[in-house]
Engineer: 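Sharing a structure below in structure tokens format, with a few things to ask.
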Amino acid sequence: MKILIAEDEPSLRENLQLMLELEGYAVQLANDGQEAFAQALREPPDLVLTDVMMPVLDGYGLIRLLRADPSTARIPIIVLTARAEQHDAEMGLSLGADAHLVKPYRRAELLKAVQAQLGPPAG
Amino acid sequence: MNHGSHDVRHAHGVERDLDLHLQLAELRRQHQALQLQHEALRASHQAQQLSTEEWLHQRTRELEAEAVEQKKAETLQRVFYRIAERAAAGLSFYDFLQTGHRLLGELLYARNCYICLYNAEKQTLNFPYYVDERDGDTMQTDDVPLRRGLTEFVLRTERPQLIDARRFLRLQAQGDVTEATGDLSFTTWLGVPIQMRGAVAGALVIQSYEGGVHYTESDADVLAFVANHFSSAIERYQAIDALHKSEQRYRTVIENAGVGVVVVQNERMVFGNPKLASIVGHPLEYLLSRPFDATLHPDDAPAMVERHQRRLRGQPVEPQFSFRVITQHGEVRWLDLSAVKIEWGQADATLLFVVDASARVQAEQAQRTTLQKQVELNDTKTRFIAMTSHEFRTPLAIIHGSVELLRHYEDRLPIDKKRQSWQKIEEAVDRMTRMLENVQEIGHAEAGPLECRPSVVDLHVFCSVLLDELHSLMGAACTRVAWSVDLPPAGRTYWLDEVLLRKIIGNLLSNAVKYSPDGGDLVFSVHEAGDQLVITVADQGIGIPEQDQASLFKSFYRASNVGPIVGTGLGLSIVQGAVACHRGRITLASAVGRGSRFVVTLPLSASPPADRVFETAA
């Protein structure tokens with residue numbers, strides 16, 4: 001089970017990676033939406049975790065691109081945003097994201113959301 | 001002696017005597033007849049002489065009467081002519097009536113005379129002229145209610161009325177006149193109606209008291225003639241009066257109007273009311289002597305002139321608009337104007353109504369400013385919320401995530417990862433602390449104005465210390481850029497506020513470093529230019545999108561391209577506050593991807609001249 005993380009904040013990215021790897025998932029990293037999309041095309045993941053505010057291409061842009069391309073259209077997406085407002089959540093979901101978490105989120109919440117999409121990690 | 005012979009001759013003589021006697025008688029008879037004839041002749045002559053005298057006398061009387069009539073007619077003519085002439089002389093109504101009275105006196109005994117005019121609308125009488133030896137002018141009054149008096153009798157009967165004491169008694173007895181006023185001991189009272197437009201509109205009355213004359217029917221005729229001549233003049237006076245009153249009404253309205261009223265013709269004001277002068281703030285004479293656009297605000301004048309010309313050409317023009325004038329004292333005032341095209345002196349003109357709109361405009365501006373402030377405050381609040389939710393949530397998420405890693409995976413985490421997590425927590429806490437300090441600072445700045453407390457500053461030393469602090473605070477980031485620092489020589493001192501300078505230079509430099517993630521040149525120069533200090537900070541970083549530049553100095557505002565670069569959106573807001581407090585200016589030139597250049601100019605003249613620049617011997 002491979003998870004692609006799109007997050008521009010290095011500390012958050014590292015924490016996520018560490019935790020998910022410790023939970024038994026394989027993790028790919030991207031600094032922004034564009035990098036993430038390129039990786040997803042090259043090596044489609046089983047799940048995408050994406051931040052919203054990122055340089056070059058933001059989370060919404062990434063969702064649009066993923067949903068528009070047949071090879072990535074069905075990959076589940078979880079939006080992780082520092083923006084707590086209602087319309088931010090609705091925006092991601094309306095674009096085709098599957099779940100939405102507001103930073104700072106609890107580890108349990110995240111794992112539950114990930115498992116909801118992927119099932120428990122193999123092994 | 002013939003006696004002797006008498007006998008002889010007696011016979012003869014007797015016969016002769018008889019003859020003589022007869023002859024004598026005959027002669028006597030003839031004489032008597034002649035005498036009678038003479039008498040008759042004389043009588044007839046006398047009679048004849050008598051009738052001639054009488055004829056002559058009568059003829060003379062007739063001729064005399066004719067002459068009087070002639071003279072009277074001439075006098076009448078003259079009087080009527082002069083009444084007409086006086087009526088046209090522009091006298092006041094009273095003066096005209098007085099002159100008329102005097103002229104009437106040339107025709108008739110008219111020591112006592114009055115004129116009554118009937119107001120049909122109000123059912124009252126006006127006595128515009130009343131001269132009386134007994135009553136004086138006490139009866140000269142207006143709005144007298146109708147009653148059964150002598151004057152009303154004339155008005156009612158519509159005929160001349162000649163009334164002496166006996167007739168007066170009869171009229172009273174008949175109930176025709178029961179409410180006569182004034183001195184009623186007249187010898188004769190003569191009143192004639194004054195006709196106007198085919199109806200009785202008043203009466204002309206003369207009266208005589210004891211010692212005066214008895215008026216006659218022929219006096220009534222004369223008075224009626226005079227009344228007839230008066231009426232047309234009175235009519236004219238009434239028309240003029242009505243016109244005058246109407247004009248006066250309009251004038252009163254215009255003069256006291258709360259709006260300025262102007263007539264503009266041939267690019268000039270040809271009429272203006274007093275209010276206009278107070279609204280425009282110039283004397284009326286000045287306004288009337290200048291082209292109409294003389295007092296307009298230069299920014300509004302062209303549009304006003306153009307509108308004016310369009311209106312005169314009959315083209316559509318908005319009927320109401322606002323514009324500015326400059327008063328005599330240089331005050332700019334907003335006026336609201338509405339205009340219509342009119343005819344003035346048989347030529348095209350514009351009638352303008354002008355209202356001082358300064359209060360309205362000020363109120364609107366105040367409202368706008370309040371609204372603007374409200375909007376800005378709301379914006380600031382929104383930006384603050386956005387900033388805190390993003391900028392504070394991120395370090396919180398880092399702390400939270402690190403704590404959870406440490407707790408849940410303690411046994412499985414390699415030692416270096418553990419150490420990293422602790423470090424991340426520390427960094428995030430520092431980051432949040434710094435942001436909170438900035439927020440506090442802006443809170444301070446917005447709660448009350450910053451203070452400018454200049455002191456002697458050696459800019460070379462000051463800036464060098466600041467750069468050292470920056471390097472230790474920002475670490476590696478500072479070495480990404482290629483520094484180019486140009487400072488005043490050491491020892492040269494200035495009269496500046498160090499606290500403000502620190503805010504200005506510190507924030508600009510840390511921004512320049514922060515927003516140059518890929519390095520590039522960083523120019524930091526401080527130099528004098530005349531009586532100004534010019535501080536330049538220029539980088540080759542990410543730049544600032546044009547649409548963000550205007551809002552860049554607002555609290556919590558961050559450019560749209562900052563990406564992951566941490567910030568509160570407070571730095572430049574603090575810089576601007578400090579620059580303003582130092583009475584300086586800040587300008588920005590920037591292009592996305594090419595970098596930003598901030599130039600701050602601070603006046604050096606703000607300090608006492610003697611203390612302005614301290615040159616110490618190097």
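Sequence lines set the chain letters: A, B, ... in the order given, protein chains first and strands last, and positions in each chain run from 1.
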Engineer: Which of residues 29-38 of chain A have a heavy atom under 4.5 Å from any heavy atom of chain B?
Structural biologist: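 From residues 29-38 of chain A, none sit under 4.5 Å of chain B.
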Engineer: Any salt bridge linking B/K424 with A/E9? Criterion: basic side-chain nitrogen under 4.0 Å from a carboxylate oxygen.
Structural biologist: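 Salt bridge: no.
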Engineer: Given side-chain contact (heavy atoms from CB on, under 4.5 Å), test A/R107 with B/R407 step by step and report yes or no.
Structural biologist: CA-CA 11 Å; A/R107 166 186 157 275; B/R407 188 201 297 162; over 6 Å; no
Engineer: Just give me the residue among B/V403, B/V562, B/L405 that pairs up with chain A most often, heavy atom to heavy atom, under 4.5 Å.
Structural biologist: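 The answer is B/L405.
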Engineer: Are there more than 12 heavy atoms of other residues, nucleotides or ligands under 6.0 Å from atom CZ of A/R67?
Structural biologist: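 Above 12, so yes.
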Engineer: Please step through side-chain contact (heavy atoms from CB on, under 4.5 Å) for the pair B/H400 and A/Y105, ending with a clear verdict.
Structural biologist: CA-CA 8 Å; B/H400 194 256; A/Y105 41 81; 5.9 Å; no
Engineer: So, the side chain of A/N15 versus the backbone of B/I398: is there a donor-acceptor pair under 3.5 Å, distance only?
Structural biologist: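 Side chain of A/N15 to backbone of B/I398, a donor-acceptor pair under 3.5 Å: yes, one is there.
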Engineer: Please examine the side chains of A/V102 and B/R393, heavy atoms only from C-beta on, and report whether any two atoms are closer than 4.5 Å.
Structural biologist: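 Side-chain contact under 4.5 Å: yes.
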Engineer: What pair of heavy atoms forms the shortest contact from A/P104 to B/A397, and how long is it?
Structural biologist: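 Shortest heavy-atom separation between A/P104 and B/A397 comes out as CB-CA, 3.4 Å.
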Engineer: What residues, two or more places apart in sequence or in another chain, satisfy side-chain hydrogen bond (donor to acceptor under 3.5 Å, both in side chains) together with A/S71?
Structural biologist: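 A/S71 satisfies side-chain hydrogen bond (donor to acceptor under 3.5 Å, both in side chains) with A/D69 only.
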Engineer: What is the distance from atom NZ of B/K417 to atom CG of A/L22, rounded to the nearest 0.5 Å?
Structural biologist: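 Answer for the NZ-CG pair, B/K417 versus A/L22, is 9.5 Å.
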Engineer: Rounded at 0.5 Å granularity, tell me how far CD in B/E404 sits from CG in A/L111.
Structural biologist: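 The CD atom of B/E404 sits 9.0 Å away from the CG atom of A/L111.
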Engineer: Just checking heavy atoms, which of residues 535-550 of chain B are less than 4.5 Å from chain A?
Structural biologist: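 From residues 535-550 of chain B, none sit under 4.5 Å of chain A.
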Engineer: Under 3.5 Å, which donor-acceptor pairs link side chains of residues 43-56 of chain A to any protein atom two or more places apart or in another chain?
Structural biologist:
unit_1, atom_1, unit_2, atom_2, d
A/E43, OE2, A/K2, NZ, 3.1
A/D46, OD2, A/K2, N, 2.7
A/D51, OD1, A/K103, NZ, 3.0

Engineer: In Å and rounded to the nearest 0.5 Å, what is the NZ to CG distance from B/K418 to A/L18?
Structural biologist: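 Here the rounded value is 11.5 Å.
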Engineer: In Å and rounded to the nearest 0.5 Å, what is the OG to CD distance from A/S11 to B/Q423?
Structural biologist: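 Here the interatomic distance stands at 9.0 Å.
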Engineer: Check each atom of B/I399 against the heavy atoms of chain A and say whether the ones under 4.5 Å are side chain, backbone, both or neither.
Structural biologist: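 Contact with chain A: none, neither part.
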Engineer: Check the pair A/M19, B/H408 against side-chain contact (heavy atoms from CB on, under 4.5 Å), reporting the backbone distance first and the verdict last.
Structural biologist: CA-CA 9 Å; A/M19 181 180 74; B/H408 290 281; over 6 Å; no
